[in-house]
Amino acid sequence: MLELGLIWRRGLLLLALLACAPLQAQRLPQPSTRAGGDDAAPAELATTAWTRDQLDAWWAALRHHTVVGGDHLDLPPELLPPADEAAWKPVAMPDVRSRPGAAMVSDARGYEMRWYRLHVPGGRDEAMALYLPRLVTLSAAVLARTDKGWQALLDNQHAEREQWVQPLWLPLPGIGPQGLDVVVALPVPAGSYHAVSRIWIAPRDQLERRWLWRVRAQNGLPQAVSLTLAVLGMFALTLWLRRPEAIYGLFALGTAAWMVRNLHYYVSLPASPAGQDWFWWATHASMGWVMLTALLFALRFASRRILWLEWALIASVTLVSLLSMPLWLRQLDMVVMQYTVTAGVAAIGTAWVSFLAWRERRTELRIMAVALIFGVVLGGHDLAVLAGWAWPEHFFLMPFATLAVMLSFLHAVQRRYVGAVEQVQAENSQLQEDLDEQVSVLHAQNAQLREAERQQALLLERQRIMADMHDGLGSSLLSALVAMEQGSMSHEQCVEVLRECVDDLRLVIDSLEPVGHDLVSLLATMRYRLGKRLQIGGLKLDWDVQDLPPLAWLEPPDALHVLRLMQEALNNVLKHAQASRVRMVTRHHGSYVEIRVEDDGAGFDLQSIQHGRGLKSQIKRAQRLGGKLRIDSQPGMGTRLSLRLPVERKE
């Protein structure tokens, strides 16, 4: 779990560095204070009322001039800058007509060509350029007056899609001693919104740095931010698919909405008017959904949720999106009203998030609240720029606010994930402690159980020994005592009984010795105990014992049975066989082992004798061991007793 948390934190750090990489990779050159001075070139304005047909003829002439070339534009006077000097008036730049909240858009009102004339003084050897930071009109054109008439220096129809976010840059041709008159031609719908920033004409090397800074800040960085957020959104989507939590889904939806908001950076406008209407509706409406997903995401981190407020936010954004669709009111420009309502909803939601952050004192919620406030402020700035209320030369700052908000969201997700990992670790630690405690209890119980089993085994062993001594040694001693009291037992007989009792006692003691399940060691101990007695009885013991495998089941009670069987066999040889030699043999036959006691005594007929108590006792002992006892004997041929024991005994 720790390794997974470390991988997660490293992944988030890598994504954050990826998000900030454009800021480092594109180190923006700052605008030079010496770039033509801070004062733009003075301009004069003349306006001409045009119809749609005249505007189309103007654009067609520009396209023809671009393809065919020529030293002047072949157009009627009404489609050229006014020749009457009285038509030109000084104009204060920037020139802005603010956008109303809702305005009718129709070709019936006609168009207005706005001519901005600037004079470039002669006598300069260095290359000059024209720079116009912001321009919100129809496609621009730049003309220069020559001896042969007006010549087109720039036709911006091919870049009209980006013109509102792309600063205008034009290197000027060589300037003669008399100077050069330059006219910037900007058509606009009559009475509609337009914005024209100040126009700079200065040495090219001075203006170029300012233009590059503007291009990168206004176009390059927003595109980089959008692509970075797209990567983060795909990452969040993969997390949501593997673990469907709302925060991951909302993050992915927010980045997708932001990509739609910036479609104009990546795709061309549709050719049909209806397609363009839907394109711009999608880009404008998506901003509301970006705001909505951001607020819903932040509210997921509050301990208290107000569902009616969340549904009110969703309903507001949905209603604005539906009302602004180009299915109805197609002639109504509602962009400012749409963004104003969106900004109001964002301000309300951000205020509530900020209140929750202040009340709950949660770090991640506070950071998100600060980022959302930052976004609302920059959104207000962009609304003022869009509507033409203020800062007409500023570019839109919302991409940077979006990046800040998304990074705050990443921080919140990282904090939640780390918190979850720490909680799991704490729970695992608690479970481990509980488990260790239970293991300790089980160990104690097992120790008690083992001690109880040991005591029980000792008790059973005592009872077994007592029973054996009572039935064997005790019975023999009692019989001898009674016989001695009655005078029916001689001294030699008494000694023999006592010797048997001693041997029996030794057998019991030997059976308790640890022999490691080794039958040969057990027999060797018996040989040591009974060797002198056999020698006194005139028997020579032939020891033909081979190594045997260990018998895992051979415990002290089993060992005593084996010893008693062998003792009984040897006693029978001493008392009844009239033998001079006895042979002890062991063999391993795969699944069983065999112990044989063979003598060269008188033998007996197995069919003619009756099985006494001794033989029955031997057979029972062999059965208890899981083995088989066999006796072979013939008169005059000696006797052979064979005990077969299994190597592995089934319990």
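All residue numbers in this chain count up from 1 along the given sequence.
Heavy atoms from other residues, nucleotides or ligands lying under 6.0 Å from CH2 of W358 number 12 at most. For CG of D74, the number of neighbouring non-hydrogen atoms (other residues, nucleotides, ligands) closer than 6.0 Å is 12 at most. At most 12 heavy atoms of other shown residues, nucleotides or ligands fall within 6.0 angstrom of atom NE2 in H64.
Partners of Q276 according to the side-chain hydrogen bond (donor to acceptor under 3.5 Å, both in side chains) rule, which considers only residues two or more places apart in sequence or in another chain, do not exist here. Legend: residues meeting side-chain hydrogen bond (donor to acceptor under 3.5 Å, both in side chains) with H394, ordered by chain and number and at least two apart, are H381. Scored by the salt bridge (Lys or Arg N to Asp or Glu O under 4.0 Å) test, E78 finds no partners at all (sequence neighbours excluded). Take Q218 and apply the side-chain hydrogen bond (donor to acceptor under 3.5 Å, both in side chains) test, not counting sequence neighbours, and it matches R214. With sequence neighbours excluded, no residue forms a side-chain hydrogen bond (donor to acceptor under 3.5 Å, both in side chains) with W240. Taking R145 as the reference, W150, D181 meet the side chain to side chain contact (heavy atoms under 4.5 Å, CB included) condition, with sequence neighbours excluded.
Between E393 and R198 there is a salt bridge, since a side-chain N of the basic residue sits under 4.0 Å from a carboxylate O of the acidic one.
The shortest distance between side-chain heavy atoms of L135 and N156 does not fall below 4.5 Å. Two residues are said to be in side-chain contact when any heavy atoms from C-beta on lie closer than 4.5 Å; D155 and R63 meet this criterion. Side-chain contact between L250 and R300 is present, with heavy atoms from C-beta onward closer than 4.5 Å. V231 places none of its side-chain heavy atoms less than 4.5 Å from the side chain of M234. Looking at heavy atoms from C-beta onward, W289 lies in side-chain contact with T318 at the 4.5 angstrom threshold. Two residues are said to be in side-chain contact when any heavy atoms from C-beta on lie closer than 4.5 Å; L410 and L407 meet this criterion. You'll find the side chain of L168 stays beyond 4.5 Å of the side chain of Q163, heavy atoms only. You'll find the side chain of F396 stays beyond 4.5 Å of the side chain of P222, heavy atoms only.
In terms of heavy atoms, M259 sits closest to A230 at SD-CB, 3.9 Å. Here the closest non-hydrogen pair linking L207 and A202 is CD1-N, 3.5 Å. Scanning all heavy atoms of the two residues, the minimum distance from W58 to L75 falls at CE3-CD1, 3.7 Å. A pairwise comparison of heavy atoms in V184 and L118 identifies CG2-CD1, 4.3 Å as the closest pair. Of all the heavy atoms in T137 and P187, the pair that sits closest is CB-O, 3.7 Å. For F395 against D382, the heavy-atom pair with the smallest separation is O-OD1, 4.3 Å.
Side chain of R216 to backbone of L221: no donor-acceptor contact under 3.5 angstrom is found. For Q54 (side chain) and T51 (main-chain N/O), a donor-acceptor pair under 3.5 Å exists by modelled atom type. Looking only at distances, no side-chain donor or acceptor of R114 sits under 3.5 Å from a matching main-chain atom of L45. The backbone N or O of F235 sits less than 3.5 Å from a side-chain atom of T238, completing a donor-acceptor pair. Although no hydrogens or angles enter the test, the distance criterion places no donor-acceptor pair under 3.5 Å between the side chain of E364 and the main chain of R415. Side-chain atoms of S408 do not come within 3.5 Å of backbone N or O of M368 as any donor-acceptor pair.
We find the OG-CG distance between S316 and L292 to be 9.0 Å, quoted to the nearest 0.5 Å. Summarising the geometry, atom CG belonging to L143 is positioned 7.0 Å from atom CG belonging to L153; distances are rounded to the nearest 0.5 Å. Rounded to the nearest 0.5 angstrom, L372 CG and M291 CE are separated by 10.5 Å. Atom CH2 of W352 sits about 7.0 Å away from atom CG of L309, to the nearest 0.5 Å. Atom-to-atom distance recorded for M398:CE and L383:CG is 11.0 Å, nearest 0.5 angstrom. Here the CH2 atom belonging to W258 is positioned 5.0 Å from the CE atom belonging to M287, to the nearest 0.5 angstrom.
F301 and F297 have tilted rings, their planes meeting at an angle from 30° to 60° on a 0 to 90° scale. Ring geometry for W211 against W169 counts as parallel: the plane angle stays under 30°, on a 0 to 90° scale with 60° as the upper cut. Using cut-offs of 30° and 60° on the angle between ring planes, the pair F251 and F409 is perpendicular.
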Between L299 and L356, does a side chain to side chain contact (heavy atoms under 4.5 Å, CB included) hold up when you go through it step by step?
CA-CA 9 Å; L299 291 174; L356 293 177; 3.9 Å; yes
Steps toward side chain to side chain contact (heavy atoms under 4.5 Å, CB included) verdict (V370, F374)
CA-CA 6 Å; V370 171; F374 179 65; 5.5 Å; no
V336 and W389: side chain to side chain contact (heavy atoms under 4.5 Å, CB included), yes or no, with the steps?
CA-CA 11 Å; V336 174; W389 299 336; 3.8 Å; yes
In sequence, state the C-alpha distance, the side-chain angles, and the governing distance for Y248 and V413, and then conclude on side chain to side chain contact (heavy atoms under 4.5 Å, CB included).
CA-CA 9 Å; Y248 302 133; V413 171; 3.7 Å; yes
Go through the steps for W311 and W308 under the test ring-ring contact (aromatic ring centres under 6.0 Å, His included), then give the verdict.
CA-CA 5 Å; W311 282 110; W308 67 264; over 10 Å; no
